[in-house]
Every structure is written in structure tokens, then in C-alpha cells.
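Let me begin by presenting the structure, written as C-alpha cells, before commenting on it.
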Amino acid sequence: MLTDRRIGNLAHPAPAPIEEASAPEKGRSLWMDAARRFRRNRAALVSLAMLILIVLFTFVGPLLARWDIETIDWTVVGSVLTKGMPSFETGHYFGTDEVGRDLYSRVIQGTQVSLTVGIVGSVIAVIVGTFYGAVAGYFGGRLDSVMMRFVDILYSIPYMFILILLLIIFGRSFIMLFVGIGLISWLGMARVVRGQTMALKNREFVEAAIAGGAKPLTVVFRHIVPNLLGVVAVYATLLIPEMILLESFISFLGLGVQEPNTSLGALISEGAQTMQYGTIWQLAFPLIFFVLLLFSFFFVGDGLRDALDPKDR
Amino acid sequence: MSNEPGIQRGDELLRVEKLSKSFMIGGGLFRKPVELKALQDISFSVRAGETLGIVGESGCGKSTLGRCILQLIRAEEGQVLWLGRDLGKLAGEDLRLLRGDLQVIFQDPLASLNPRMTVGEIIAEPLRALRPDLDAAERRERVLSMMSGMGLRPEMINRYPHEFSGGQAQRIGIARALITGPKLIVCDEPVSALDVSIQAQILNLLSEIRDRMGLTLIFISHNLSVVRHVSDRILVLYLGRIVELADSDALYDSPQHPYTRALLTAVPVPDPKKARQRNIDGLTGEIPSPINQPSGCTFRTRCRFAEDRCGKVRPALETLPDGRLVACHRWRELELAGGA
Amino acid sequence: MSHPKSDVLVVDNLDVIFALHEAEVRAVNDLSFRLSEGETLAVVGESGSGKSQAFLAIMGLLAKNGRATGKAVLGGVDLLSLSTAGLNQHRGKDIAMIFQDPMTSLNPALRIRSQLSEVLVRHRGFTPEAAFKEVIAMLERVGIPEAARRANAYPHELSGGMRQRVMIAMALLCRPRVLIADEPTTALDVTVQAQMLDLFKSLSTDFGTAMLLITHDLGVVAGVADRMMVMYAGRAVETGPVDDLFYDPRHPYTLGLLTSTPHIDKRQSRLTPITGAPPNLEHLPDGCAFGPRCAFRFDRCSLDRPPLGEFAPGRRKACFYPKPLIGEEDAA
């Protein structure tokens, strides 16, 4: 590697005291650079395409469905193994579940729920975690100690236990699920952001901003946070599958979303229980979607990390 | 930014009084942190229109001093008086509004520019913060005129820092420092990260704007040749203390402190014949750790003139007849010849 | 200055090319030079001049995307044609390199004595005891006080100057014929740098080691080197004895470097910098690469590239300008 940062963007100056550069006049921001690097990453691109396809499918899929998620197809009840198989004739493209409901619709709905849970958890983490971590890291001192001890305390509580208690006390609902996931998802993000902020706040451009008369919150949100967004984006992307896994685990325990709504975790749980009867499709379809989703998010997150890695600059 | 009409060339602009700063390092739950004395008992003043050079080797506290003056680091003892007001006592808005008068240029030109902002935004940033009366168009106009003064083409305004070379990035940093019309600029190793040919361009640019705008500069550097080139007076630091403060020519022609002399003779001269003839006043050993400083005169461990009392009594900063300041017990006895 | 000594290292037509994503960049272009026994050759240039890459290439230490062509003959062997295994027989033994940051080449987990003895045991077949003795002697030689005690230290326990001395000791243990020093004093304080330069001077006389000193600091060159080679945009633009280049530079870039450097013993009101900035290696101008920044250029400079030609015994330049650049009266 050429150790010279000039390579790629310099100059053919005429002998005048003015330095000239022949690069295009429109600036090439670091985000654009990162996007270029991301586009070179095959696995990440394929995964991104896969994610887009899955999301599109959850919107377009229902239009093709001949059954909704709760109607029981009485013709297959009692003989799911023989009549509930995936078939175009019956309209159950993915077969039916054990009670005769259309698995195609239920997988779509489960995917939607899982995606929503993952994205909501991640968005909460981004908003709360970034704000919290940046403020704690930048102002430091006692404020930082108090804020981070609070995070430590939340971390040390067995969150799964709390979440299960919440769901039992307040009943199973989407809202409670989001509240529970939101409560814990931002903790890791806050720590990551705080660490990055502490590293950034001693950088010269931050000192320059302070010397330039910027107010403390301007420094945090105009100078520090934009430089954190790379890390935040990567972490948030990797947090989505983590949240999906978490939700699946809760649903697997039977505490997730309420019937007739479902999620991939709940479907996998049901499928796993009925696998022994030979209705393997009840496990296979949700599992395929689940695995595709997780893999895609992980690869996209990895690709983002490589693209935004400051070492590469 | 209000140009107080009262200030004349030669008036005292900044006065540092008995400034001390230490850092606590290490330390954990069961370990006591150790105290690193970065600056001790620093007093000097800066007059309007002059350039004060601050030199010293690594760990001497020169960058800390610059940051203490700007209140980027708060010193625990002593005062930094800006036109008579103690900056150390100001906080929040009072201090923030004064920042237009005191600006800074950093060593690493690229690290001092926010990588996510365009050049135009970077240079306009102090105006946004300190001149809310200006609208976007006025800001842009000022940025453009400042850019052309720094030798940057107007088309560069929408580009990002990483698209520039070190020399251009430093021009951007200088433009940002100048945009509020400051009275004093602290230059912290402004050319150390640049190639020789670019270094000369930036040094010339700094001299030129200083003369044109009547600026006062505090020029911090480890490179004595560069400091000599720009400074009127020079302050030499060793382990956080002033060892000598004198007019530039006097200091180079007849250093009074053994450390100053050693420092001057150690600078490699880009002239082979002189380099061969020079006798370097070779210092043995290296700078002691600022955590465990020697007793008495902190330089005595490397000084070949050191005697008993140097280890017992710390030499006071004495004023010599020609007005310079020296902290050495033996300056009267030692006939230290000039630099090279 | 040009005594007929035998050459230890002969480099011919060295090219170093880096494959970037979009294009190939030629960091070093057609570099040829010879290094005689016991001589110190300073290689001067700014960042991007290729001065470091040329020598990393000779040492087989280029980054993954770089490749080198040409010849670098040391003791009858072309280093560039060797495999890594073949190169390892010579690296450290016949040719050694020290870097600006000694920490990058010292293993932080090993005591100084173990790292240094290992070199002797491996390359020169010493017994561990004999190796240890030799290590202590060498550490003392490079000016490390209390060498026996310091030898037991780990690298991070030493100061920057001490580490650089350890690196030098390590490089000299096998009595290499060529020592490449890449900005060896740049990270050091002035007073420590002065000690280090003294050490370099005595090393070449004591050990007869030929030294390649890569630096951007003309002060360092003036104090230590016998000959110098100025590089610009990947090519050598002027070579010759140090005194000649300092007092009678014939390439405008050499002159520009000299006038850009502030002197501590003179007070100048303005420096005379080189205008503009170094060129982008991906898009070098036609003709002379320095042309656009040159005050002496004329028509031909933008058409042809001046070759590096000998114009006086022992002196070469790559410039069409026929006359001396400094008037006779200034040169004195």
C-alpha cells in the first residue's frame, strides 16, 4: 500500500502560489467512498438483494394468498399429513399447520413480525443508545460514571427473566414485546457509542470545534455523532438479527406474540413439535426464511463494517 | 470580533501567571493514580503583534501549555489573563463568546478537520457559532474570500478533507482559524506533519498573514530552526518548567541556560561543511519521566555543569540585565558560546 | 570523494508497481544506483517520492498489492529473484533494515536479550551463551548504559531512543554489509537524535557497513552522508557527493528542497518554497514530472522526460537545464 494519502486526489499545479487540484468539483464524501467499497463486496450485495426480496415478498406475497392467517381449512383438519401438504391446488403453497391454517400466509406474517421486532429494537438502540452514549462519553466525569453504572446495572439484571415477567404480568402483546426488547437493545449500543465518543473527543477536529466557539451540544451532535454513524450503522445492522433471535427465543418458549398472530420463532417452535409426525414443511418453510434473514443481515453488517472501517481509509 | 480600538502593537494581550497543570494517570479501583506534572509555575506575557515561540522536546508540556491558554484544558493553578480577564474563571457562554479572539492551528492538518464536513462547512463553523447575525449567504461569501486569501480555489468549497493533501488541509485549518478575525492564534506544531517544500509554503503564509493582519502568534514547535524563523521571542521549556525566555536572536546567539545551548547545537544543520565543523554539546541520557522528576533543577541529570546545589535547590527564574529570563544557578559563571 | 571501492549493492532498473482498485501506480520508476563498501548514501525525498518503497522492495517487504521488477544484486545474488525462503538467508545477515518506529520490529512479548540472541543463533550458529555475550557487547557498543541489565527488559520498558539503539544493535549483530535506515531519527527528540547521528557516523567507520539512509531531513544528510540521491515522483532526479549537491545543486528540485529548509544559524525573512504540490502518481505530467513546479522549465520540459545522465564525474541529474542553478558568487 502506498502510504501516501495524496494518491488518488492530487494536483498538477502551475507554478503559482495557488495549489490546484484536478479532482471533480463535487466532493466525494466518506459515505460515498464507503458505498463504493460496499458495492465491491459480493456477499454483502447478494445478501442485500436477498433482504430486499424478502421484504418485497412480505408485501407482495399476501396478494397471492388464497387463505388468511386464521381461517381453518376444515377439509384438511385431521389429515394434515396427507391433505395439508404444500400444494397449488388447495392454495396452501406452503402447506398448512397442525390445526389446518394456511402456512404461506402465516410465514409471511411471521416474517413481518420478526422483521419489525428486529428493526424496532435496532431503531430504539440507535436513537437511545447513540444519544445516551455520546452524552456520557463526551461530558465524562461524574455524569458519565452515573450514566454508565446505570447501564451496568441494567446489564446485570437477567433480562430474559425480566422480559418473561413483563409478558406474564402485562399479558402477551406486541407493545410489551417492543417495550421489553427496547429496554435492553440500547445498552450495548450505548457502551459502543460511549467508547467511540471518548476516542473522538480528544481528536483535534473536536478541539478545533470547541476553540471555534461551538456549544457543547453542537460539538456532540454536529461533530461527534456524524463520525460515529459508521460504527452505529454496523452495530445496528448486526443488532437486527440478534433481536430477531431474541424474539424467536421468547416465542419458542411460548411467550411471544399472541395467536392468531405469529412470528418466525413461534412457527419454528410449532414446526419442531410436529416434525415427528412427518409434516416437515411446517418446520422447513419458517426455518428457511429465518436462516435467510439472519444470514443476510449478518453479511450486510459485515460488508458495512468493511466498507466503513476507518483503517481502510 | 469586536475590534477593541484600545489595543496597540506592543500592549500586553495575554498574561500567564504561575500556571500549573498536572494529570492523574493510571489508577483504578485499588491503585492510586500517579501524578504527572505537565506544567509547573509558568509565567510569561505576550504582547500584541509579536510572535512568541515555545520550544522543547517531547513531554516538556508545550502542547499542554497551548491548550491551557485556549482553555481546552483547564489548569488547576494559576491564571491565564486575556486583556486582564482571567479566562480560567470564565465558563460557558462567557468563554465561548471570547473564542473568536483566540484561535488555534493544529499539528495534523487532516486530523483537525471534521472528515464528514465539506471544506465550506468547516471554515464556516466558527461563524455559525459566533456570528449568528450572519445568514448563510454572507457566511459563504466570507468563506470564499478567506479561501482565496489562503490560496484555495473556490470550487473546492464542496469537497471533503480527505481529498486534500497535507498542505492544502493546513490552509483550510488556517482559514478556519482566521475567519472570526482573531487577535491571537496558538499554532501547535503547524508544519511538523508536512513535507519540507510544503512546510516552507505554510511558514511563508503564516508570516504573511501575521504581517498583513497584525496578528499575534504563539508558535509551538519542537523544530528550533522553524521557531527561529518565525519568532520574535522564544520560551524554552524542559519538563514543564521555563528554563529560558529571551529575544530570538539573543537566545540563538548567546544561550544562557545549558539546556538551551545543548538544544541549539543538537539541531542538524543542512550544510555539510558546517556540520563537519560543529561540535555538538552532546547531552547524555534522555529526558527523565515527568512522573518522577529529579529534585532541585530538573535538568541536572543531563547537565555537565551540575553541582551539589543543583540537586538541592531549584533555581529560580532570574531576570538578566538584557531582560531575558533564565533558570540556572550557574548562568553567571558559565560562558556558553553561541549556537552552531 | 570518489575512491574506487568495490560495490556491495548494485540496483538496476528497479520498478515498484502497486495494483490499486482502479489502476496501477508506479511508486518507483527505473531506479538504478550502486552502493560502495563503507559508504553512506542518503536517499532524500518527500512523501510519495518512492524512497521508502524502493528499499522495502529490495528487502522483500512490499505490501501484498505491490511487485518489484529489476535487479538488486548483493554479493552476486539478485535479491529480487529470490523466494521468501531464499531471501531469509540474506535478510538480517547480509542486509538489514531499521525503521522509524522501532516498536514495529521488536516483539513486545520477548526480552531484548532473547530477541537479539536469536538472530545470532539462527544466522551465525552461536551457542546461546556466546550469543548472549555478543549481544551485551553490541548493546554497549551502540551506547546502551548498563547493557546487561537492560538486556533483560522488554521493549516497552525502554525509551524511544533506547529502543532505536536496540534496533541498531540487532541489525548490526550479523555484521551486515548493507544497513538500510528508514527515517531512523524522525521520531526522536533533537538531543537524542544528535546522539544517534553520532552513532551512525562511527558505525560505518568501525564496522565498514555501507548504509542507506532514507530521510526527508537535509540536516541529517549533511551531518552523516557521503553521497546523496534525491528522488521525486518515483525517480532519482539527482545523485552525487553530498557537498556538491548542497553547494551546487543542478536539479531545480534539489535546489528547492535546500531553499525550503529553514536554517537555525541564519535568520531569513522569507523562505523560498517550491510552489505547488507533489504530483499524483496516477497522472504524472508529460515530460519532466517536476516541470509544472519548476522555475527553470522551458519548452522541452513538457515534451521529453530528461534522463538521469552523468554530467560530471560522479554526478548525475535528470534535467535539461544546462547551466549551474546557483551563481558562482552565491555558491561560496
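All of these numbers come straight from a predicted model, not from anything done at the bench. Computation of the quantities below employed the complete heavy-atom set of this structure, encompassing side-chain atoms and omitting hydrogens, waters and symmetry-equivalent molecules. Per chain, numbering begins at 1; letters A, B, ... match sequence-line order.
Using a 4.5 Å cut-off on side-chain heavy atoms (C-beta onward), Leu65(B) and Ile220(B) make no contact.
Under the 4.0 Å criterion applied to side-chain N and carboxylate O atoms, Arg222(A) and Glu125(B) are assigned as salt-bridge partners. A salt bridge does not link Arg203(A) to Asp108(B): none of the charged side-chain nitrogens sits closer than 4.0 Å to a carboxylate oxygen.
At a 4.5 Å heavy-atom cutoff, Leu127(B) makes no contact with chain A through either its backbone or its side chain. Proximity to chain A is limited to the backbone of Leu113(B), based on heavy atoms less than 4.5 angstrom apart. The parts of Gln107(B) that come within reach of chain A are both its backbone and its side chain, each placing non-hydrogen atoms under 4.5 angstrom from that chain.
Interface check for chain A: of the options Gln103(B), Glu121(B), Gln71(B), Arg128(B), the most heavy-atom pairs under 4.5 Å are formed by Arg128(B).
Separation of the Phe106(B) and Phe205(A) ring centroids does not fall under the 6.0 Å cut-off.
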